[in-house]
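Numbered from 1 within each chain, the chains take letters A, B, ... in sequence-line order.
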2 protein chains.
Amino acid sequence: MTARSMAEQTLELGAFVPFRLNRLAAGVSRHLAAVYQSRFGLDIPQWRVMATVGSKHGCTAQYIAASTRMHKTRVSRAIAELEGRQLIERASSEQDRREREVRLTKAGRRMYTELVPLALEREARLLACLSGEQLAGFLAGMETLERYLQLED
Amino acid sequence: MTARSMAEQTLELGAFVPFRLNRLAAGVSRHLAAVYQSRFGLDIPQWRVMATVGSKHGCTAQYIAASTRMHKTRVSRAIAELEGRQLIERASSEQDRREREVRLTKAGRRMYTELVPLALEREARLLACLSGEQLAGFLAGMETLERYLQLED
DNA sequence: CCCATAAGGTTGCGAGCGCAACCAATTGTG
DNA sequence: CACAATTGGTTGCGCTCGCAACCTTATGGG
């Protein structure tokens, strides 16, 4: 080991990928929040529940927790709030009376059909700052990292 | 507009980049937490303060908040805890007696020199799952997104 | 058939965080 | 020089979250 390599290493957070990823994710969330927060009065857990239930009718809280990677208590509370706002409804499952099947109400479905195009458009507008080639490279890297960290569904 | 395009759009969270970025950032943080949490008893705010002060001796809480993008109260509390553990120390600035210059103590510097190589190694091990080309593409995309969202320092 | 164990879901509680208000020191302006 | 406005930093408060404990229903083994 040379004297040079003994010199104290430093770490610039601004160049440290874990930090940059957190910062980027927060920035993108903020970029998206305008859609579901100020316009529909949803917070992140509620938005995730709406998005999940909207494409998986009759799913359970269990399923929502697993696919959104939220803690089951967070899901439970988000569901309770959405039910209070009459956006979703629950019915005890026939097969297993511990489970409760979650569905969008009419009002919930109306919000969903309005919300989803706005969210997708927001995502598209963000990604439009990347060239086609850059987008492909970025997504490829994300997928590899997700697989490595076993984050996929 | 065709009848087909009137069909209700759906949104799969698992294919939605904002969600995937949050999930990835959380996964990477968890991957890294083993280093600073279980081994050195630091939480994220404390780790970020240590990292910042370690390469910017005598900086202010202000500076830490700006470069880590943490709320100033979060920084204030992290500093107070680290000071309580005698890892950093503060001295009132001569030029402006509102400011307090933050520095690592001897023990803090010892932790820093032990911590930084482990964190960098952890980052390198994570990124090693990407090919050189994939890594370059991923980082290029990140930089463009950061610039677009004005997340840089 | 009974009881131990597990699984779906909810709730009490403590910890962490952001907002707003605040204190102290500085700067700017008449 | 005085006083308003600003800035660095801390603190009280309310909110959200995760953990652990709990209730209810289902399952499995003797």
Side-chain angles (χ1 to χ4, degrees), chain A residues 19 22-23 25-27 29-30 33 36-38 41-50 52-53 56-85 88-103, chain B residues 19 22-23 25-27 29-30 33 36-38 41-50 52-53 56-85 88-103:
Chain A
F19 171 75
N22 266 291
R23 190 179 57 177
S29 286
R30 194 166 45 74
Y36 55 73
Q37 234 173 64
S38 56
L42 301 175
D43 58 22
I44 293 181
Q46 291 167 354
W47 146 252
R48 288 181 179 171
V49 168
M50 289 291 291
T52 305
V53 176
K56 193 83 175 181
H57 319 286
C59 68
T60 66
Q62 194 81 356
Y63 174 84
I64 299 171
S67 63
T68 62
R69 302 211 148 228
M70 291 195 292
H71 196 274
K72 61 177 181 173
T73 62
R74 211 173 161 194
V75 174
S76 174
R77 283 162 182 147
I79 289 178
E81 288 153 5
L82 292 172
E83 195 176 29
R85 287 179 61 184
I88 64 175
E89 58 192 359
R90 282 184 286 188
S92 291
S93 164
E94 288 299 318
Q95 295 85 354
D96 186 336
R97 283 183 15 230
R98 292 172 301 182
E99 294 182 352
R100 311 183 65 180
E101 298 173 353
V102 183
R103 285 188 178 73
Chain B
F19 171 75
N22 265 292
R23 188 179 59 177
S29 284
R30 195 168 43 76
Y36 56 73
Q37 234 173 62
S38 56
L42 302 176
D43 58 22
I44 293 181
Q46 291 167 355
W47 146 252
R48 288 181 179 171
V49 168
M50 289 292 291
T52 305
V53 176
K56 192 83 175 182
H57 319 288
C59 67
T60 65
Q62 195 81 355
Y63 174 84
I64 300 171
S67 64
T68 62
R69 303 210 147 227
M70 293 196 291
H71 196 273
K72 62 178 181 173
T73 62
R74 210 172 161 195
V75 174
S76 174
R77 283 159 181 147
I79 289 177
E81 287 153 6
L82 292 171
E83 195 176 29
R85 288 178 60 184
I88 65 176
E89 58 193 359
R90 282 184 286 188
S92 291
S93 164
E94 289 298 320
Q95 296 83 356
D96 187 336
R97 277 171 32 219
R98 292 171 302 181
E99 293 182 353
R100 309 182 66 179
E101 299 173 352
V102 183
R103 286 189 179 73

> Quick one: D43(B) CG to dC17(C) C1', roughly how many Å, whole number?
Replying inline: 11 Å
> Nearest-Å distance, CZ (R90(A)) to P (dG8(C))?
Replying inline: 15 Å
> L42(B) CG to dG16(C) P: how many Å, rounded?
Replying inline: 13 Å
>> Nearest heavy atom decides the nucleotide; on that basis, is T73(A) or D96(A) closer to the 5' end of DNA chain C?
In response: D96(A)
>> Test your reading of the model: is there a side-chain donor-acceptor pair from S67(B) to the backbone of Y63(B), 3.5 Å cut-off?
In response: yes
> Roughly how far, to the nearest 0.5 Å, is the CZ atom of R74(A) from the CD1 atom of I64(A)?
Replying inline: 13.5 Å
> Got a donor-acceptor contact below 3.5 angstrom from the S29(B) side chain to the A25(B) backbone?
Replying inline: yes
> When M70(A) is tested against each of T52(A), V49(A), I44(A) for side chain to side chain contact (heavy atoms under 4.5 Å, CB included), which residue passes?
Replying inline: V49(A)
> Hey, which of these two, K72(B) or R97(A), hits DNA chain D nearer its 5' end, going by closest nucleotide?
Replying inline: K72(B)
> So, for M50(B) and I88(B), which heavy atoms are closest and what is the spacing to 0.1 Å?
Replying inline: SD-CG2, 4.2 Å
> Between R100(A) and dT10(C), does any side-chain N or O lie under 4.0 Å from OP1 or OP2?
Replying inline: yes
> In whole angstroms, how far is the C1' atom of dC19(C) from the NE2 atom of H71(B)?
Replying inline: 6 Å
> Is there a donor in the side chain of E99(A) and an acceptor in the side chain of Q62(A), or the other way round, less than 3.5 Å apart?
Replying inline: no
> Are the charged groups of E101(B) and R90(B) less than 4.0 angstrom apart, N to O?
Replying inline: no
> Does R77(B) have a side-chain nitrogen or oxygen under 4.0 Å from the phosphate oxygens OP1 or OP2 of dG16(C)?
Replying inline: no
> Taking any atom under 4.0 angstrom from a heavy atom of chain A, which nucleotides of DNA chain D are the first and last to qualify, 5' to 3'?
Replying inline: dC17(D) to dA26(D)
> Just to confirm, is there a sub-4.0 Å distance from OP1 or OP2 of dC17(C) to any side-chain nitrogen or oxygen of R74(B)?
Replying inline: yes
> Can you check the E94(B) CD to dA25(C) C1' distance for me, whole Å?
Replying inline: 14 Å
>> By nearest atom, which of the nucleotides dG8(C), dT26(C), dC17(C) is closest to the P45(B) side chain?
In response: dC17(C)
> Roughly how many Å is it from CD in Q95(A) to P in dG8(C), rounded to a whole number?
Replying inline: 14 Å
